[in-house]
Chemist: 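Below is the structure I would like to discuss, written out as structure tokens.
What you are looking at is a predicted structure, and each value in this text was computed from that prediction instead of being measured. In what follows, every heavy atom counts, from backbone to side chain, and hydrogens, waters and symmetry copies are set aside.
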Amino acid sequence: MINKEVEKLLLKVQKPGRYVGGELNSVIKNKDEVDVRFAFCFPDTYEIGMSHLGMKILYSVLNEKPYIWCERVFAPWLDMEELMNEKNIPLFALESGDSITDFDFIGFTLQYELSFTNVLNMLKLADIPIKSDDRKSLGQIVVAGGPCACNPEPLAPFIDIFFIGEGEEVDLEVVELYRKCKAENKTKDEFLRLASQIKGVYVPALYDVEYNDDGTLKSFTPRDNAPAVVEKRLMMDMDNSYFPENFVVPNIEIVHDRAVSEIFRGCIRGCRFCQAGFLYRPVREKSVETINSQCKALCDNTGYDEVSLSSLSSSDYTKIIDLLTELNVWANEDKVSISLPSLRVDGFSDDILDRIKTVRKSGLTFAPEAGTQRLRDVINKNVREDELKETCSKAFNSGWTKVKLYFMIGLPTETYEDVEGIAKLAQMVVDTYYSCENKPKGKSVTVTISTASFVPKPFTPFQWYGQNSREMLMDKQKHLKDSITTKKINYNYHDADTSFIEAVFARGDRRLAKSLELACEKGFRFDGWGDCFSLEKWLEVFEECGIDPDFYATRERELDELLPWDFLDYGVKKEFLLKEREKAYDDAVTPHCRLKCSNCGAAKYGGGVCYERRQNMV
């Protein structure tokens with residue numbers, strides 16, 4: 001239901017479809033007939049937020065309850081924000097057009113550290129106090145979850161409740177508690193103290209922090225009976241976990257404009273740089289029957305002609321061939337293509353290739369991550385050059401002509417020889433194309449190298465590692481560019497400046513909140529977008545706040561240092577991460593979870609691949 005004041009602005013903005021709502025499958029309720037209103041805020045544009053699977057799941061699970069109305073809210077782009085400020089129009093939800101000041105909950109998903117300024121700016125646009133202490137009443141409860149909640153401390157003064165882990169159950173439990181507290185006229189403080197007793201809930205206001213003279217963390221102390229350790233929530237039975245039968249179909253083209261179905265959560269591989277691979281342990285698969293029925297329902301209810309099988313590593317699904325066979329029974333008839341993102345080099349078999357021939361041959365993407373075998377061993381990326389060559393040969397002989405290769409620069413122990421190895425690996429792929437007898441006639445090959453600057457993240461074996469300086473990262477990017485000797489290879493790289501700020505907030509503590517508050521006052525937003533980000537302005541903010549960003553980004557942590565996220569339990573033991581760190585510096589690999597259990601700690605959940613393997617060994 002579009003706001004009439006907003007409607008007047010639509011002809012003046014670049015993409016009006018971002019702001020009108022009314023899409024197929026969006027949920028409209030009578031606000032006078034619900035007990036709780038939940039504004040699900042994605043701190044980025046409509047096109048990015050509408051592509052996010054987690055938002056689709058939680059939007060639907062909340063709206064399943066007749067007494068909850070969950071609505072979607074996205075960050076307005078610069079042109080719309082300027083007009084909203086000019087006309088005094090507060091940030092609004094798409095379904096009702098109402099200002100989010102009218103909502104009981106204002107929830108954010110934290111997918112990227114550079115979206116933190118958008119979180120605060122969205123509250124500012126709604127004229128809601130950004131600090132938790134300034135929101136006194138039982139209403140406008142600001143909550144947040146997602147992968148960046150694994151280190152919530154930089155945002156701690158602004159957020160009332162963080163959801164730690166997967167949200168399908170804990171979100172509902174907190175909303176149910178709120179509904180009860182609201183009916184009993186309890187205060188906000190009473191509600192927060194009660195909420196802190198729910199597993200997977202972190203209430204920052206109930207913890208006191210002290211620092212040592214050298215700036216490191218001294219203590220992290222709960223009070224008012226808050227738990228000393230907050231344990232993540234996760235869904236162990238994926239077949240019976242909630243998954244929607246339809247999605248809201250966007251009005252405009254979005255980044256991932258297709259149906260999406262999860263096939264499993266977690267990852268067996270244990271790549272030492274990959275935060276998601278540790279946060280979402282253990283691996284929990286859905287059955288072929290469940291995935292097949294969910295994909296069919298989504299395509300029937302949305303009209304999409306492509307379905308993407310979502311996971312961290314799709315070819316590691318144990319019954320991938322059976323699944324693709326089942327999907328193709330109806331997908332071929334309905335002219336629906338099946339896409340497999342996150343394919344591993346060593347998982348691209350002839351059987352898989354035969355079953356995804358309906359996918360447009362626009363290009364294949366693989367992520368070797370490092371240019372030499374030594375460095376791939378350091379990061380536990382068990383991919384060998386001969387496997388990449390064999391996989392590319394299969395693809396080229398089957399008609400593909402474009403390959404994208406993703407790498408990271410600045411990994412622990414990386415040398416300039418490792419950087420050169422990236423160019424050599426890409427050249428090997430080019431040479432492989434021209435050696436294939438059945439390559440497409442009359443077409444040339446294109447290999448695109450993309451490099452991201454490595455950012456050490458919490459809950460990984462590299463969480464103690466100091467990020468390469470910006471100068472060193474840029475020098476390595478130049479060295480790689482100079483090492484490429486053919487026009488068949490394109491090189492794209494992620495800006496080292498944004499990676500530096502990402503590293504600051506990824507491993508930051510509560511003292512960074514004052515820099516976020518000042519950045520909000522100065523109008524910072526969309527820091528993940530090149531046309532909005534300014535390192536110079538960020539450095540000015542840090543200086544004004546008396547913060548040394550290198551203390552957070554490039555400083556090597558002592559192994560016995562208390563880390564800002566040590567009070568959170570994501571199921572992976574710190575001792576395990578330390579052992580993996582030692583193995584990394586010895587260039588030693590760790591077998592994946594199906595080959596051998598490495599005792600990371602995730603077996604305690606009583607399910608998933610690691611637990612099942614142990615049970616079978618008894």
Chemist: So, taking the atom named CD1 in I68 and the one named CG in L62, what distance separates them when rounded to the nearest 0.5 Å?
Modeler: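 Between atom CD1 of I68 and atom CG of L62 there are 5.5 Å.
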Chemist: Just checking, R233 and F163: is the charged tip under 6.0 Å from the six-membered ring centre and within 45° of the axis?
Modeler: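 Geometry flag: not set, cation outside 6.0 Å or 45°.
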Chemist: Would you check if the distance from the ring center of F567 to the ring center of F220 is below 6.0 Å?
Modeler: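 Yes.
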Chemist: About how many Å separate CG of N121 and CG of L516, when rounded to the nearest 0.5 Å?
Modeler: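 Those atoms lie 12.0 Å apart.
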Chemist: For K218, is there an ion pair with D213 - N to carboxylate O distance below 4.0 angstrom?
Modeler: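 Between K218 and D213 there is no salt bridge, as every charged N stays at least 4.0 Å from the carboxylate O atoms.
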Chemist: Parallel, tilted or perpendicular: which describes the rings of Y585 and F462, with under 30° parallel and over 60° perpendicular?
Modeler: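 Aromatic pair Y585/F462 classed perpendicular.
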Chemist: Would you say K583 has more than 12 foreign heavy atoms packed within less than 6.0 Å of its NZ?
Modeler: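 Enclosed.
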Chemist: Do side-chain atoms of S115 reach the backbone of G528 as a donor and acceptor pair under 3.5 angstrom?
Modeler: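 No, the answer is negative, given that no donor and acceptor are paired below the 3.5 Å cut-off.
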Chemist: Carefully, step by step, assess T498 and D527 under the rule side chain to side chain contact (heavy atoms under 4.5 Å, CB included).
Modeler: CA-CA 8 Å; T498 54; D527 284 305; over 6 Å; no
Chemist: Other residues, nucleotides and ligands only: do more than 12 of their heavy atoms fall within 6.0 Å of CD on E521?
Modeler: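 Result for CD/E521: enclosed.
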Chemist: Would you say R284's side chain and M235's backbone share a donor-acceptor pair under 3.5 angstrom?
Modeler: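 A pair under 3.5 Å: yes.
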Chemist: Heavy-atom count check: over 12 atoms from other residues, nucleotides or ligands less than 6.0 Å from E558 CD?
Modeler: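 No, not enclosed.
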Chemist: Looking at every non-hydrogen atom in both residues, tell me the closest pair between N380 and T590 and how far apart they are.
Modeler: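 Closest pair (atom of N380, atom of T590, distance): OD1-N, 2.7 Å.
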Chemist: Just wondering, do L568 and K232 contact through their side chains at under 4.5 Å, heavy atoms?
Modeler: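 They are not in contact (no side-chain heavy atoms under 4.5 Å apart), so the answer is no.
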Chemist: Report the C-alpha separation of V230 and F162 in whole Å, then their side-chain angles, then the decisive distance to 0.1 Å, and conclude whether the side chain to side chain contact (heavy atoms under 4.5 Å, CB included) test is met.
Modeler: CA-CA 10 Å; V230 179; F162 285 96; over 6 Å; no
Chemist: Taking R37 first and then E71, would you say they form a salt bridge - that is, a charged N and a carboxylate O separated by under 4.0 Å?
Modeler: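 Looking at E71 together with R37, the answer is yes, because their closest N to O distance falls below 4.0 Å.
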Chemist: Holding to side-chain hydrogen bond (donor to acceptor under 3.5 Å, both in side chains), I want the full list of residues that pass it with H592, two or more places apart in sequence or in another chain.
Modeler: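 For H592, no residue satisfies side-chain hydrogen bond (donor to acceptor under 3.5 Å, both in side chains) once neighbours in sequence are set aside.
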Chemist: Would you please test D509 and V209 for side chain to side chain contact (heavy atoms under 4.5 Å, CB included) and show each step?
Modeler: CA-CA 10 Å; D509 54 42; V209 184; over 6 Å; no
Chemist: Is a donor on one side and an acceptor on the other found under 3.5 Å between the side chain of R557 and the backbone of R555?
Modeler: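 Yes.
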Chemist: Under a 4.0 Å threshold between the charged nitrogen and the carboxylate oxygen, would E556 count as salt-bridged to R507?
Modeler: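 No, no charged N to carboxylate O under 4.0 Å.
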Chemist: Quick one: salt bridge (charged side-chain N to carboxylate O under 4.0 Å, His left out) partners of D377, sequence neighbours excluded?
Modeler: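 Listed in chain order: nothing, the list is empty.
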Chemist: Can you run down the salt bridge (charged side-chain N to carboxylate O under 4.0 Å, His left out) pairs that involve residues 108-120, sequence neighbours left out, and say none if there aren't any?
Modeler: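 Only E113-K457 qualify under salt bridge (charged side-chain N to carboxylate O under 4.0 Å, His left out).
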Chemist: How about F105 and Y178: are their ring centres within less than 6.0 Å of each other?
Modeler: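 F105 vs Y178: aromatic centres under 6.0 Å.
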Chemist: Name all pairs fulfilling the salt bridge (charged side-chain N to carboxylate O under 4.0 Å, His left out) condition that reach into residues 132-142, sequence neighbours left out, sorted by first residue then second.
Modeler: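 Of all non-adjacent pairs touching residues 132-142, those that pass salt bridge (charged side-chain N to carboxylate O under 4.0 Å, His left out) are R135-D160.
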Chemist: For residues 138-147, which side-chain donor-acceptor pairs fall under 3.5 Å, sequence neighbours excluded?
Modeler:
from, atom 1, to, atom 2, distance (Å)
Q140, NE2, T101, O, 3.2

Chemist: Check for me whether R179 meets the cation-pi criterion with Y67, that is, NZ or CZ under 6.0 Å from the six-membered ring centre and within 45 degrees of the ring axis.
Modeler: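 Flagged: R179 positioned over aromatic ring of Y67.
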Chemist: Answer yes or no: is there a donor N or O on one side and an acceptor on the other, between the side chain of T290 and the main chain of K286, under 3.5 Å?
Modeler: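 Pair absent, no side-chain N/O of T290 close to backbone of K286.
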Chemist: Output yes when a side-chain donor or acceptor of D224 lies under 3.5 Å from a complementary backbone atom of A226, and no otherwise.
Modeler: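 It does not hold such a pair.
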Chemist: Quick one: list whatever passes salt bridge (charged side-chain N to carboxylate O under 4.0 Å, His left out) with K56, sequence neighbours left out.
Modeler: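 Not a single residue meets the salt bridge (charged side-chain N to carboxylate O under 4.0 Å, His left out) criterion with K56.
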Chemist: Check for a donor-acceptor pair, side chain of K182 on one end and backbone N or O of V36 on the other, with a separation under 3.5 Å.
Modeler: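 No: the side chain of K182 does not pair with the backbone of V36.
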Chemist: Would you mind checking if R594 and E285 are paired as a salt bridge, meaning a charged N to carboxylate O distance below 4.0 Å?
Modeler: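 Yes, this pair counts.
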Chemist: Give a yes or no on whether a salt bridge exists between E166 and R281, defined as a side-chain N under 4.0 angstrom from a carboxylate O.
Modeler: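 So E166 does not pair with R281 through a salt bridge.
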Chemist: Under 3.5 Å, is there a donor-acceptor pair between the side chain of D569 and the main chain of V229?
Modeler: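 Such a contact is absent between D569 side chain and V229 backbone.
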Chemist: With no hydrogens and no angle check, is any side-chain donor or acceptor of R470 less than 3.5 Å from a backbone partner on A496?
Modeler: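 Pair absent, no side-chain N/O of R470 close to backbone of A496.
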Chemist: Say whether, by atom type as modelled, one donor and one acceptor occur between the side chain of S311 and the main chain of S313 under 3.5 angstrom.
Modeler: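 Checking the backbone N and O of S313 against the side chain of S311, a donor-acceptor pair under 3.5 Å is found.
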Chemist: Looking at K180 and E184, is there a salt bridge between them, counting it only when a charged N and a carboxylate O are closer than 4.0 Å?
Modeler: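 Salt bridge between E184 and K180, a charged N being under 4.0 Å from a carboxylate O: yes.
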Chemist: Would you name the heavy atoms of N468 and T554 that are closest together and state the gap between them?
Modeler: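 Shortest heavy-atom separation between N468 and T554 comes out as O-CG2, 4.2 Å.
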Chemist: Report yes if the distance between the aromatic ring centroids of F542 and W538 is under 6.0 Å, otherwise no.
Modeler: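 Yes - the distance between ring centres of F542 and W538 falls below the 6.0 Å cut-off.
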Chemist: Within a 6.0 Å radius of atom NZ on K124, are there more than 12 heavy atoms belonging to other residues, nucleotides or ligands?
Modeler: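 Count over threshold, so yes.
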Chemist: Charged N to carboxylate O below 4.0 Å: is that the case for R223 and D208?
Modeler: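 Yes, this pair counts.
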Chemist: Under a 3.5 Å distance rule, please check whether N240 uses its side chain to pair with a backbone N or O of D237 as donor and acceptor.
Modeler: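 It does not hold such a pair.
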Chemist: Might you confirm whether atom NZ of K537 has over 12 heavy atoms from other residues, nucleotides or ligands at distances under 6.0 Å?
Modeler: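 Incorrect, the count does not exceed 12.
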Chemist: Going by ring pair (Phe, Tyr, Trp, His ring centres under 6.0 Å), H52 matches just one of F247, F40, Y112, F42. Which one?
Modeler: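 Only one option passes, and that is F42.
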Chemist: Should W69 and D35 be marked as a side chain to side chain contact (heavy atoms under 4.5 Å, CB included) after you check the CA-CA gap, both sets of side-chain angles, and the distance that decides it?
Modeler: CA-CA 8 Å; W69 188 11; D35 299 330; over 6 Å; no
Chemist: Would you call E544-K514 a salt bridge at under 4.0 Å N-O?
Modeler: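 No.
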Chemist: Is the distance between the ring centroids of F278 and F459 less than 6.0 Å?
Modeler: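 Not close enough - the centres of the two rings lie 6.0 Å or further apart.
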Chemist: State the OG1-CG distance between T117 and L120, to the nearest 0.5 angstrom.
Modeler: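 Taking OG1 in T117 and CG in L120, the distance rounds to 7.5 Å.
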